[in-house]
Protein chains: 2
Amino acid sequence: MTTHDAQTPRSRTRSHGGSSRPTIRDIARAAGVSVATVSRVTHDDPRVAGETKDRVREAIDRLGYTPSSLGRALSYQRTNTLGIVLPGLGGPYFAALIEGAESVAVERGVAINVLGTHLRPDAVASVRQLAERTDGLIIAGGTVPDAEIARLAAAGRVVVVAGESDDAPAVLTDGRSAAAELTRHLIEVHGHRRLSFVGEPAGSPDTTLRYEGFRDALREARLDEAGEPLRYGLDVRSGALAARQVHESALPDALVCANDELAIGLLATLPGLGHRIPQDVAITGFDDQSLAEIASPRLTTVHQPVAELGARAAAGALGETLDPRTVLPTRLVIRESCGCAADPEAITD
Amino acid sequence: MTTHDAQTPRSRTRSHGGSSRPTIRDIARAAGVSVATVSRVTHDDPRVAGETKDRVREAIDRLGYTPSSLGRALSYQRTNTLGIVLPGLGGPYFAALIEGAESVAVERGVAINVLGTHLRPDAVASVRQLAERTDGLIIAGGTVPDAEIARLAAAGRVVVVAGESDDAPAVLTDGRSAAAELTRHLIEVHGHRRLSFVGEPAGSPDTTLRYEGFRDALREARLDEAGEPLRYGLDVRSGALAARQVHESALPDALVCANDELAIGLLATLPGLGHRIPQDVAITGFDDQSLAEIASPRLTTVHQPVAELGARAAAGALGETLDPRTVLPTRLVIRESCGCAADPEAITD
DNA sequence: CTGAAAGCGCTAACAG
DNA sequence: CTGTTAGCGCTTTCAG
């Protein structure tokens, strides 16, 4: 009954009655203590006495109070939240990345906040917003202009994942070497000579690297690309589209796809168009998602530790010091879509 | 120069020097105006004069100031953020749901905040946290206990998507009828008698409904289920597992799968085990993701307006009034995995 | 062991 | 047209 009816300049009707959540002040009043005491109780501060503590606890339970994380954030200058910026949420790749980050976030008690830019032009604004609401930021390569990354990195903790940056530590894989190794397999083991790349390098650093690796291998073997890359998106549907294009022009010996989903699209569509895989054309993927193993023929691809990428990045974004460039190992996974014989152990019949 | 050096009780070293972001006060000082004026400028308040405005603008640009959304949120009592609670982020279904919600969020200028509960036991705490940081909440059916939904709904705007609730408006499809219709097709058109359901009803309201619809149709036709449901998860990999189980026991006439991914897993694995689809066994999916059309044979399934579900839910969570129960229409999509002949128009050769 | 009060960044009513 | 100031919900120093 200290501060009561005498309406204050901007008397906010709310102190009593609204269905709004109770504040620390409501609890203090109900328990007959000061807000400081309530705050202490919510923090298990040992300095608050048994009887008082019980009274406060009771009031908290009765009114259903939970401290506002907004208020806390403002006071702490820390939000206990990790932000992740991705091009989109579709597909298993990003899901895995998020899960990796989540695993470390959970054990540190921080919430996660994902933003899909979808190549929207106003994405930068959203990213800035996100940056403010988080203690750290994971940014997927290609989603945010370099200048903006520099700006964000200057203001807070940011780490780039699956990409490079001069301004922030990056965690990535060596997609270029991996793609080269994969392509070499196609050339050296299977003797393919006419190879095409499927994927759109522009805008995706990952795809660019893979395309470069592909070309590295061709160059080593003194081979020419069988035409321009087939510029398609990274999803299954695009793969199906690519299949039609391939079908309508000359079929190369092998198609090196920018990721598994694209490869699956080809894999599923080409047979219906009369082309056998791998006899008529070999196909490879990249990432080693679960689809790769399910497909038939099973997909030869490159395994990437995607969840691990996410986890490392999260740790970094949350304060662990990171090398400017952490590169995680990939592994070539040979299955049958390249023309290799089925691993006898795979036929578990 | 009003409030100056006289160190305040708790002189926070920061006002000058830290690499921290500038605050509204820094701008005010730099431009020689009051914070109110700065605030007005950031709001394009017409009341601020040309010359002053320019000075403030200049300071803002020079120091790289952006208003803290945390501070704003606290003052506005509104965060301009929409929360979405899902079981997980994997799979095209949730990606589509999010995109639907995103589309309406974007046009209203609100940020989106996704939380994957992953069936974690402490998920409730995360959800509460999220609730505080958002103006509205979209909750996927089965992710949060009913009691908690009631609690959240009492405190703020929440809408349940792909599920039901007594305490919050729901937007959903009639999965039960759709599943029944699909199953009837299998029975009446193809004459199948021994049908099994693939999916785990427990924990997923969606799956439960589909299973019930499946049984409704069997009952109408006076048929018995060909054994218990095959309890598997909703992803492709689980489908592959289910395929082995089916293979090792007796093959039914048809397998009605809880979603497309599961069906694709079966579809891709069964042929390798020596079973032709649809000759030896018919398979159907649910959702009509892009994979359904790519698969071979193409998947007979039920189309759901997933993005639309997300969009409606978002509108509701953002303040639009919603019926207690909005049910969106589904559509049976007949392709070849059920045994129907290929639509001639599909062979675009 | 507890309370008063300043301050986190911002907005808006009110006064000038 | 501009400044002062209380207040949003919370934490924490400093007194008592």
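Model, not experiment: these values are computed from the prediction. Below, chains carry the letters A, B, ... as their sequence lines are ordered, and counting in each starts from 1.
Rounding to whole angstrom units, CD of residue B/E51 and C1' of D/dT2 are separated by 13 Å. Protein atom CD1 of B/I27 is 12 Å distant from nucleotide atom P of C/dG9, rounded to whole Å. Between B/L74 atom CG and D/dA6 atom P there is a gap of 17 Å when expressed in whole angstrom units. In this structure, CZ of A/R47 is placed 12 Å from P of C/dG3, rounded to the nearest angstrom. Rounded to an integer number of Å, the gap from A/I24 CD1 to C/dA5 P is 16 Å. Atom P of nucleotide C/dG7 and atom CG of B/L70 are separated by 19 Å, given to the nearest angstrom. Atom-to-atom, CG of B/D26 to P of C/dG9 comes out at 8 Å; the value is rounded to the nearest Å. One interatomic measurement links the two molecules: OH of B/Y76 to P of C/dA13, which rounds to 12 Å at whole-angstrom precision.
Contact between the side-chain N/O atoms of B/Y65 and the OP1/OP2 oxygens of C/dC10 is found at a separation under 4.0 Å. Put simply, A/R78 has no side-chain N or O that comes within less than 4.0 Å of OP1 or OP2 on C/dC8. Distances shown here put a side-chain N or O of A/R25 below 4.0 Å from the OP1 or OP2 atom of D/dC8. OP1 or OP2 of D/dT11 has at least one side-chain nitrogen or oxygen of A/S39 nearer than 4.0 Å. Between B/S34 and D/dT2, a side-chain N or O to OP1/OP2 separation shorter than 4.0 Å is absent. Close to D/dG3, at under 4.0 Å from its OP1 or OP2, lies a side-chain N or O of B/T37.
B/D54 pairs by the salt bridge (charged side-chain N to carboxylate O under 4.0 Å, His left out) definition with nothing, not counting sequence neighbours.
Annotation: of the two residues near DNA chain C, B/S69 and B/R40, the 5′-most nearest-nucleotide partner is B/S69. Positionally, the nearest nucleotide of DNA chain D for B/R55 lies more toward the 5' end than for the other of B/G71 and B/R55.
Closest non-hydrogen pair, A/L86 versus A/T143, comes out as C-CG2, 3.5 Å. Residue A/Y65 comes nearest to A/P22 through the heavy atom pair CD1-O, 3.3 Å, listed as atom of the first residue, atom of the second, then distance.
If you check every strand for non-hydrogen atoms under 4.0 Å, B/S68 touches sugar and phosphate atoms only. Using a 4.0 Å heavy-atom criterion, one finds that B/V33 contacts the sugar-phosphate atoms exclusively. Across all strands, B/A49 comes closer than 4.0 Å only to sugar-phosphate atoms, never to a base (heavy-atom distances).
Candidate nucleotides C/dC10, C/dT2, D/dT4 were compared by shortest atom distance to the side chain of B/A36, and D/dT4 ranks first. The side chain of B/Q77 approaches D/dG9 more closely than any other nucleotide in the set C/dT2, D/dG9, D/dG3.
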Evaluate the side chain to side chain contact (heavy atoms under 4.5 Å, CB included) criterion for residues B/L115 and B/I84: first the C-alpha distance (whole Å), next the side-chain angles of each, then the deciding distance (0.1 Å), finally the verdict. CA-CA 6 Å; B/L115 171 69; B/I84 310 189; over 6 Å; no
Between B/E51 and B/R55, is a salt bridge (Lys or Arg N to Asp or Glu O under 4.0 Å) present by the stated rule, with each step listed? CA-CA 6 Å; B/E51 200 274 324; B/R55 226 173 45 239; 3.0 Å; yes
Stepwise, does the salt bridge (Lys or Arg N to Asp or Glu O under 4.0 Å) test hold for A/E320 with A/R108? CA-CA 12 Å; A/E320 229 157 77; A/R108 280 172 159 79; 2.7 Å; yes
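Bending across the helix from C/dC1-D/dG16 to C/dG16-D/dC1, expressed as the angle between its end axes from five pairs apiece, amounts to 50° (10° rounding).
When side chains are defined from C-beta on, B/V161 does not count as touching B/L172, because their heavy atoms never get closer than 4.5 Å.
Cation-pi contact between A/R72 and A/Y76: absent, since separation from the ring centre below 6.0 Å together with deviation from the ring axis within 45° is not met.
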